[in-house]
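Have a look at the structure below before the remarks.
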Amino acid sequence: MPTNNSTPATPAVATLPPESAPAANHLFPIFLKLDTMRVLLVGGGNVGLEKLGAILRNSPETAVTVVAPLLLPELRELAARHPRVQLHQRPYQDSDLDHADILFLATDDVELHRYIGTAAAARRLLTNVADTPALCDFYLSSVLQKGDLKIAISTNGKSPTVGKRLREVLAEVLPAELASVLGQMTIIRGRLQGDFAEKVKSLNAVTAELAHGPAYETPATAYWRRVATGALMTFAGFIILNILSYYFTWQQAWDLARSSGTFYTFVAVGFLAQMVDGMLGMGYGVVSAISLMSLGLSPVSVSASIHTAEVFASGASGYNHYRFGNVNKRLFRVLLLPGIAGSVSGALLLAHFGETYAGYVKALLAVYLLILGLRIITKAFQKVARKRKKVKNAGWLAGAGGFLDSFGGGGWGPLVTSTLITNGRTPRYVIGTVSLVEFFVTFASAFTFFTILGISHWQIVLGLIVGGVAAAPIAAKLAGRLPTRWMFVGVGLMVIVWSLWALRKLL
């Protein structure tokens, strides 16, 4: 028998303590297999079309019965593409509820909604009523989908517009490659060995790159890192061989750099130019040219030095943009080969025909970019949300940018970056992607010039390289932190400065 000193038995299931500050939104999130249910949609107007579109986008095989006295032609066209959608052009009847599991009301008749809602509640049917949260058993959310990843956003019925805006932000931030990541994670999960703790540790190592940096490299990441490193080292080798051919030793170079105050001026110029280019995706050539020419250097010395040093600066910038997640891989693949082809062709033409025709090309580019820069700044202060346009012929844009950069003395960043941003692309990812492609474009151009003309003014080149490489990681970090509006303003101002500088030289 128990005594007064007996200790009460511990419950088998512990009760979780209540949260100290419960959230205001008490909706229970859930994802339904709607294609296993029978859906009734009452309403055939614009709202009904919106509801039907939302249902079929998420569950294309859902059996939907649409009842309405009038049906929009667009709704009929949508239904025609889905065999399991049935249309009944007539008023609602109570018997319509007999074969429904879930109900959507999308008419402009509030009293009809109340009547149907009462009848549905008696049958324990879940009901969604358009624009009437008080009558809803559940709300539709703003949905973002990337492959098997689906994110639903709820505002507790307060503001669908806010939900849509958040969805647009997430669509820009989350890369398209997430769909592939999920597929690969399924394979990885099946291959993991050990107990639960070991599996968690292994998964943590795999996903660390997504959260904290390059703790884990996919084969594709490792491949492009090796390509970039190999290309950079190859070009560095050509420069070293060329310098040695002029009978300069490394000791002589170091003594000159250590004793020359001008060398550190070149370092400062390279640092400033790369900070601007890394944050805005353009401007390395502009800032370097303006700075070096103000020091009294000849245009030939300036051009030769900038093209050579920019290979190293753009390589460091592109690597750091990739490291900080600023690169859109799909856009990278579209721009890469056309940009290289345009760069090589421009360099060959300039080497054979001189700079006579490059002046005309640069004048047209400067006028175009002046207008484009004004448009970008105007967009920065527009209160209306930007609509993202599909960038058509992006390959041709990259080819033109590469050609003009070599043949006209500059323009890859101003032309490609500003055009993509004007079409509504997110500045952070445009700048990061264009900066990474710029390394390959600049390398192709510099290698072509090096093969045909050789290299000179290595003292200036060395100073620009040191300053540019030092600034690259800082600029790439800031590119992902600056507000979008001010990035637009910065890009616009840089484009205008570039165009005015080019026009001033031509007048």
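Values in this document were obtained by computation on a predicted structure and should not be read as measured data. Only this structure's heavy atoms are used, side chains among them; waters, hydrogens and symmetry mates stay out.
If you take CD on E50 and CG on L75, they are separated by 12.0 Å, rounding to the nearest 0.5 Å. With rounding to the nearest 0.5 angstrom, the OG1 atom of T155 is 11.0 Å from the NZ atom of K164. Interatomic distance, F31 CZ to N58 CG, rounded to the nearest 0.5 Å: 9.0 Å. Rounded to the nearest 0.5 Å, atoms CG (L52) and CZ (R57) are 9.5 Å apart. Rounding to the nearest 0.5 Å gives a distance of 9.0 Å between CG of N328 and CG of L335. Atom-to-atom distance recorded for L166:CG and I153:CD1 is 5.0 Å, nearest 0.5 angstrom.
The side chain to side chain contact (heavy atoms under 4.5 Å, CB included) search around E74 returns L49, L72, not counting sequence neighbours. Looking at residues two or more places apart in sequence or on another chain, you find a side chain to side chain contact (heavy atoms under 4.5 Å, CB included) between A79 and V85, L87. Applying the side chain to side chain contact (heavy atoms under 4.5 Å, CB included) test to D35 and every residue at least two apart in sequence or in another chain returns K33, E61, T62. Under the side chain to side chain contact (heavy atoms under 4.5 Å, CB included) criterion, S141 pairs with V143, A152, not counting sequence neighbours. Every residue meeting the side chain to side chain donor-acceptor pair (under 3.5 Å) condition with S343, not counting sequence neighbours, appears here in chain and number order: S406. For R76, the side chain to side chain donor-acceptor pair (under 3.5 Å) test picks out Q89, with sequence neighbours left out.
Looking at every heavy atom in both residues, H82 comes nearest to P60 through ND1-O, 3.3 Å. Closest non-hydrogen pair, A444 versus I340, comes out as CB-CG2, 3.8 Å. The heavy-atom pair separating L336 from V437 by the smallest distance is CA-CG1, 4.0 Å. In terms of heavy-atom proximity, Y322 sits nearest to L436 at CD1-CD2, 4.1 Å.
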Check against side-chain contact (heavy atoms from CB on, under 4.5 Å), K51 and L140: CA-CA 9 Å; K51 297 291 185 183; L140 297 186; 3.7 Å; yes

Evaluation steps, side-chain contact (heavy atoms from CB on, under 4.5 Å), between I55 and L34: CA-CA 8 Å; I55 293 169; L34 209 59; 3.8 Å; yes

L420/L331 under side-chain contact (heavy atoms from CB on, under 4.5 Å): CA gap, chis, key distance, verdict: CA-CA 10 Å; L420 292 174; L331 182 61; 4.0 Å; yes

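Looking at S445, its side chain never comes within 3.5 Å of a backbone N or O of V441 through a donor-acceptor pair.
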